[in-house]
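Just below is one structure, and these are the notes that go with it.
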Amino acid sequence: ERGSDGHVNIIYWQAPSILNPYLSSGTKDIESASLVIEPLGRYDPNGALVPYLAEEIPTVANGGVSEDLKSITWKIKSGLVWSDGTPVTATDAKFTADYCMHPEGGCAQLAKFEGVESVEVIDDLTVKVNFSEAKPNPYGPFMGGQSPIIQAAQFADCLGAKAPECTDANFNPIGTGPFVVDEFKTNDVISLSANPNYRDAAKPAFATVTFKGGGDATAAGRAVLETGEFDYAWNLQLAPDVLAKMAEGGKGTPIAAFGSLVERLEMNMTNPSPDLDADTRATVAAPHPFLSDINVRKALSMAIDRNLLVEIGYGQAGRPTCNLVPGPAVYASDNTDCLTQDIAGANALLDEAGWVKGADGVRAKDGVRISILYQTSTNAVRQDFQALIKQWWSEIGVETELRNLNASVFFGGDPGSPDTFQKFYADVEMYANNFDGTDPQAYLSMYRCGNEPKPSSQWQGENINRFCDPAYDALIDELGQTSDLEKRYELSKKMNDMLTKDSFTILPLVDRGRVSAHANSLGGVILNTWDSELWNIADWHRVN
Amino acid sequence: MTDTTNTEPTKPHRSQWADVWDQLKAHKGAMAGGVIFIVIVLGVFIGPWLWPYDATFIDIRARNQGPSFAHPFGTDQLGRDTLARMMAGGQTSIAVGLTAMLLALSLGSFVGITAGFFKRLDGPLMRLTDLFLALPILPLLLVMMLLFRDPLSSAVGPERGIFILIVIAIGITSWMPTARIVRGDVLALKEREFILAARSIGTSNSNMIKRHILPNVLSPIMVSATLGIANAIITESALSFLGLGFPPDFPTWGRLLNDATQYLQDYPERVFWPGLAISLTVLSVNYLGDGLRDALDPRIRGR
Amino acid sequence: MLTFTIRRLILAVPTLLFISLVIFLLLELAPGDPMAQVPLTVPPEVKEKMRLALGLGEPMHIRFWKWLVQFFWVEPQVLFDHYFGTAYAEGKLRVISWQTRSPVMDVVVERLPQTLWVVGMSYVVGILIAIPIGIYSAYRQYSVFDQAGTFITMIGYSIPPFFTGPLVIVIFSVQLGWFPFIYDTTHVVNDWDSFVYQLRQMIMPVMVLAMQTTAQISRYMRASMLDNLNQDYVRTARAKGLSERVVVVVHVLRNSMIPVVTVIALGLPAIFGGAIITEQVFSVNGIGAQLIGAIQANDLPTVQTLTFMFAFLIVFFNLIADVLYGILDPRIRYD
Amino acid sequence: MLDGDARGAIASIENLRVEFQTKDGPVVGVEDVSFQVNPGETVCIVGESGSGKSVSSLSLMRLVEFGGGKIAGGRLLFDRREGGETDIAKTEQGLMRTIRGNEIGMIFQEPMTALNPVFTVGRQLTEGLRLHKKMSKDAAEARALELLRQVRIPEPERRLKQYPHELSGGMRQRVVIAMAMACEPRLLIADEPTTALDVTIQAEILALMDRLKRETGTAVMFITHDMAVVAQMADRVVVMFRGNKVEEGTVKEIFENPTHDYTKALLAAVPKLGDMTGTDIPSPMKLFGQDDQKIEPIPGTDEPILEVKNLITRFPVQGGLLRRTVANVHAVEDLSFTVNKGQTLSLVGESGCGKSTAGRSLLRLVEPQSGHVMFDGKDVMALNAREMHAARQDMQMIFQDPFASLNPQMKLMDQVAEPMRNYGTHTGDEMRARVEMLFDRVELPRAFMNRYPHELSGGQRQRIAIARALALNPKLIVSDEAVSALDVSVQAQVLNLMMELQAELGISFVFISHDMAVVERVSHHVGVMYLGRIVELGPRRAVFEDPQHPYTQALMKAVPIADPNQRKSEKDLNFKPIPSPIHPVGYEAGPSEYKEVSPGHKVLISDSGY
Ligand SMILES: Nc1ncnc2c1ncn2[C@@H]1O[C@H](COP(=O)(O)OP(=O)(O)OP(=O)(O)O)[C@@H](O)[C@H]1O
Ligand SMILES: Nc1ncnc2c1ncn2[C@@H]1O[C@H](COP(=O)(O)OP(=O)(O)OP(=O)(O)O)[C@@H](O)[C@H]1O
Ligand SMILES: [Mg+2]
Ligand SMILES: [Mg+2]
Ligand code: NI
């Protein structure tokens, strides 16, 4: 029964700064907003699509998606009302799209609306999204936590440049979700209570929620697992043994789930030498002196013990992987060759390829020494990885210089800074990336020839490794035209293999999952990495 | 004070530093502090040559070990020897402490003496000091880190680059109290008659500062110095905590302590060593400073 | 005294303006990017649009000018409106945070209570502990109490709060279960029980912070007391037949407090920014946490505004300290 | 007057011994002292600095303990108002508190620091009354007012609400006296109550104490090292030397018939006003115990070396919002005088009258506003910085405080050698030889060359300062209160040394002092200063024997004379407070006009402010 279970405490060690996901792309903001505003459909823990505000998920099969893949039509459940009691209509959906697509709004989720030509209101409860070209994956708009429906009436005056000024609306959006905001303290805490107009009269079980932000992962973990002050803690990025020790506290349970986030080593196929002039340095004009040799890349991969990395850095929250696309399961290639470390094999491979050890123990060929500059962002686990990998590489005669960079610079994308991951002024770099939703098409399309960051594009571009293979580009094109799912799985796996086990351009290390924890007295928690973790909070309840 | 018969005390002659040293020797706290500090410094700088393990050597089989014969302080989560890391960390922490202190001290003394001595510069220099006092330190440090890390790293190597940067950052954000104190003392000194006397015998400004001002403000400067070392070590550790200091793979006491705090429950002994090292250093330097102040103050020494 | 105060106030204006410019330039020069935390899945074009929406396209001097207007002209109007129900600030653009898209000052106002409660209280507690310690150690110089006091306060000073914080948490929250350690900022004190809860949740952060304050202030207090205990007027007071308590607590203390009070006043602004680590450890989310969060997110308007406010506080308390000095010490007459 | 027991003493000290624990082991402050104080009597305790005078008195208050001392032996019998005789040495502090301030009052040496700066005068005065006499606030205030009237403070009502720093030194000392007298103690201990004060104020305070004693019948224990004061005040005298009593007797006995050598030396060293009556030129003093002394007058020459004309020096006072100069301190106004080669011109006057400023202006250590200073044919005022630097080679200065005028961190040898280094006149061995010669000259052992100032006594330090001034063979030395801070015996030695040097080397002196007796001893010419002007100038004999200006006359009267037969009475004293030398910008003081009463003896006839 609604409200019968009293109060629940949730802690996110990153504090939500706003409840409007269109103005912020932070996970904390998207997930906290998911308590209040909802999309038409969500992904479930398996990555499958489930309708929320929509009657059903539109597909080609049920006619919701047009045959030419150029439009999708959503039908909203009838009888839905906002928490203020007014009905939810197709106009709200269209308004949501207009809101995000407004040229001056700086919408953080604009990528979701990519390729959208127009949004039409067909009738009160039907909305149609038209794409400018065929879109095999039309589930961008209104799908998932990043693209919830906002109320047109509330945000009517907040379009474009005025969006940030609507503080009241941004902090207290009217929604359809199980809870409504009572008080929002920026970057601190949100107090919520059950939505009296929620569509399921029996839910949510909790009458009130405190959503606390701030502190660090250790404190969050402690609060749930050891002291029981909180019922749910998000994303416990802790050293495995620390987490294990906390779990002994007996107040709660850590839970883990995996998505598509992969910690990887990226090989630079171009020469980052500072001796080159600015226009050729780290561009395709200058191939890398030794990493362009596949044997070297392969040996580097073989020298790594991914199991140990997981054990040390992630524990429950990670698993070793050789795939760039580790999930959903249907997309994951059965590629496990790299999981066993083989130092001897790596040495043999390099010997064979003519890289011989010099007096200093470093391999060289034709005067080129394998001396690697290995960069990543500043982060304790990453530095542990660096230290371990450096040691393994030294065992195969590779010299490594480690470098770590402030995350806000490394990921900042400032074309003026030499330290961005796009510029890649290093031989190897390590970071994690994932794709949005469950479809890897856009993700795999990043590695197209010509999509590499370069001076002429202000160092924008997603093909970080400067990988270039016409065969791969052909597969990208093919994938763009295929709507048959089986075929899509096939193509994706092939592309994944080309980047990893065939060319060793990308050395995936760890499939990073998410560890969260809930109190033993909290029931109904199902961890979901494809959408907001709080996707089913309406089902949460107390157990004894 | 005076004798009618003009008999002279028959103490043998000693130099000024011998006097200071005598006084210091008599100060038990200062001696204990000094000895401990020297032991720490020697241990940290000479120890690594005697100790077989390297601070970065990973022995993954030996991770998370408690104290043992092979690893007297235990090992960390990657199996690195804690003793070796303590020594490496100590080198950085003490080097940061000493150099940052020296920098702050020379800046502070320079500004203080100049402002106190040259009346015309007093106003501008004190406004400058106010300005620096008013500049919030944290953003300033951040910006400095971001701005200058790379030019420096490429010029002198990454670790030395960041070392220089941290030292400068701590140095230029902590010279102001010294400057104020020194200025106050110089202003008071200027009122003393011996300065006027020196002027009347034709002492030039530079000689005046060298012979008359500097030796007489040495004692507050020395006290600032000992406080400065402690302050720099602590600031460095706070910077590390906020992610602005040395990178995580670079051990300093502050970082070791911070890393070990995570394992407070599993391996409580891990926080003990860096905590002890920091406290001991700060304490010993502080006691040394107390003694030095007494020893350098001619009023006390003269008794 | 009045002219002195006025003169200092007038002098403060250019100083503050200059400081704000320096802060602005420093922040501008910093290569950080507000888009750094945007997930890598967001394409660069979208990031560029977001960047433009933050006003990053405009030239530097215009942005500085805008900030000046917003901070010095619009924000006071908002304040005025708030108190007098007027509408001068209606429709005018305030200083907006890039991170929260809301007026920075609103967040500051929201956070003041917990900062004042925890950080302010710890300062008060620290001072209350430090002063008696300082007095007694000076009065019994080189006694066991003095030595022990020095030793303990120095240890308190040398151990950083990022260690003491977790330490007390593990002991008092995890092991003993006495106190909660996640600070509840929504807690309202309206009866005895809620007051007790407030006390319980404040104890640990206050303890950790007060340790540092105590260490410093008690050192100053001791030094100042020692200076005064040897003064001639103390002998005069004793010669009058006053009891030791009166001599120390009335005559000496009053004089010794003069420098200490100014040290206390000068330390006040620092506590707002200086409690960053403790705030983080206990999730207090005060102003210090706001600043560090803003720095990490490259939220320049927030950083600029907060740092300027700190600068203002420092300048202001400097002035207060000087004026206090004049008031407390009848010998000082400015002008 | 209360009658005590058979012996009649209020306090009697028997075989007192006081020790101090220091880092270098125990130090004996007082070795063996016995004496007693009878009702209505003033006992003066004299002796050089460090002889244990203060320690004895503090023991009687049991305040030595707070300074780290311990009464190691002897008895301190005190006749209490009620309850008969008590041995204070054994009384516990609780009981002592009811005696201190109540039955024994104490006046301390330094009026500037003896009062708590942060409490009002009224508060500090009433404190003791409310404690001991259990008076209400109002009653105590009324009594405080009465006390202030008794000590003749002008406007007593206003003073009650003022803070100590708002009062002048003399007024502060009166407050301290009022405080000590508040509970009508049976015994009043005055520890050098006038040492820090000007002659005129000293005279007033002494007169005041004398009157109070007569009116209330309190016994007084008066500590001083100034024999002239003793002569004015004492009934009986106790002479102390190095922690021991060496002599005791009535004031007449001591002055006329000293038996102990130390007492004799002390008396011989005191310059008495009037000693030089009848002579024209100064000559060194005859000191006790130095038999080979040759006492020859020092004639000097009549050739001018320094001519000062219309010298004006002002200090700006800043104020207002913009810190502009709003007023000026007219420290030196229209000063003119001449100094001859090998002779001494003295400038005398009260504190703040501009003596030091005048001296410093001559060397341009402060910049004069206008005027002419002709030194050795050069116009000093016209010199640029480098020429001035060169000119200082011939003009040197000795400062008042031997403790303050030497750098505490520098070896004596270096201090003496510094002028030579600065001017490069001597280098290397030659310089060392000259330093040795100078040490010999001022009669300091060469072994001292490597010492530091703190290892010397005050007199020795002043010799170093003199040696330093001599290092460059100057033609003129400005000696700014060079002997004021010294003990009488040392003062006499230093004075003799200076005169010897003058006789031998023909140095000219500008001698600045406020001590008329000393001035009388050393000068050829005297200028009496008041409020920045010379009010009377002339040959010493003329000025001292025939003072013309009313201020000079008042000053002469105020000087205590070290002769118990020439006591002054309060009626002779009549001082007006000195007007402020601060005038707003644009104020122009008129020129000084003089009347020549006899050859070279000029008296100011224009307004002096007196
Ligand atoms: N607190 C102290 N600690 C150590 N020695 C002391 C202390 N006070 C006084 N003495 C010593 O006791 C002796 C007598 O000192 P006292 O102050 O009585 O001299 P005094 O005759 O009053 O001299 P003055 O004329 O300079 O006041 C001196 O040798 C002095 O060094
Ligand atoms: N640097 C200065 N700034 C402002 N006023 C000054 C300065 N030096 C002296 N005065 C003032 O000038 C006047 C004369 O001072 P000066 O020191 O010459 O007197 P003095 O006769 O030497 O007194 P004393 O006997 O106390 O040494 C005093 O009113 C003093 O306050
Ligand atoms: Mg004395
Ligand atoms: Mg003077
Ligand atoms: Ni600080």
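Hydrogens, waters and symmetry mates play no part in the numbers below; they use all other heavy atoms, side chains included. Residue numbers begin at 1 in each chain, while the letters A, B, ... track the order of the sequences.
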Between [X] and chain C, with a heavy-atom cut-off of 4.5 Å, which part of the residue counts as in contact: side chain, backbone, both or neither?
X	answer
D:Leu115	backbone
D:Ile107	neither
D:Arg123	side chain
D:Met96	neither

Look at atom [atom1] of [X] and say whether more than 12 heavy atoms of other residues, nucleotides or ligands are closer to it than 6.0 Å.
X	atom1	answer
D:Phe20	CZ	yes
C:Phe24	CZ	yes
C:Phe145	CZ	yes
C:Phe18	CZ	no
D:Lys133	NZ	yes
D:Lys134	NZ	yes

Please report the interatomic distance CZ(C:Arg238) to CD(D:Glu65), rounded to the nearest 0.5 Å.
10.5 Å
Backbone of D:Gln124 reached by a side-chain donor or acceptor of C:Lys240 within 3.5 Å
yes
Could you tell me whether a side-chain N or O of D:Thr113 sits under 3.5 Å from a main-chain N or O of C:Asp232, the two making a donor and an acceptor?
no
[X] and [Y]: which non-hydrogen atoms are nearest, and at how many Å?
X	Y	result
D:Ala114	C:Thr236	O-OG1, 2.6 Å
D:Glu127	C:His251	OE2-NE2, 2.7 Å
D:Arg97	C:Gly241	CG-O, 3.2 Å
C:Asn255	D:Pro117	OD1-CG, 3.3 Å

Checking side chain to side chain contact (heavy atoms under 4.5 Å, CB included) for the pair D:Asn116/C:Arg254: CA distance, chi angles, key distance, verdict?
CA-CA 10 Å; D:Asn116 191 331; C:Arg254 173 78 179 264; 5.8 Å; no
Top contributor to chain D contacts, counting heavy-atom pairs under 4.5 Å, from C:Ile258, C:Val250, C:Leu328, C:Val252
C:Val250
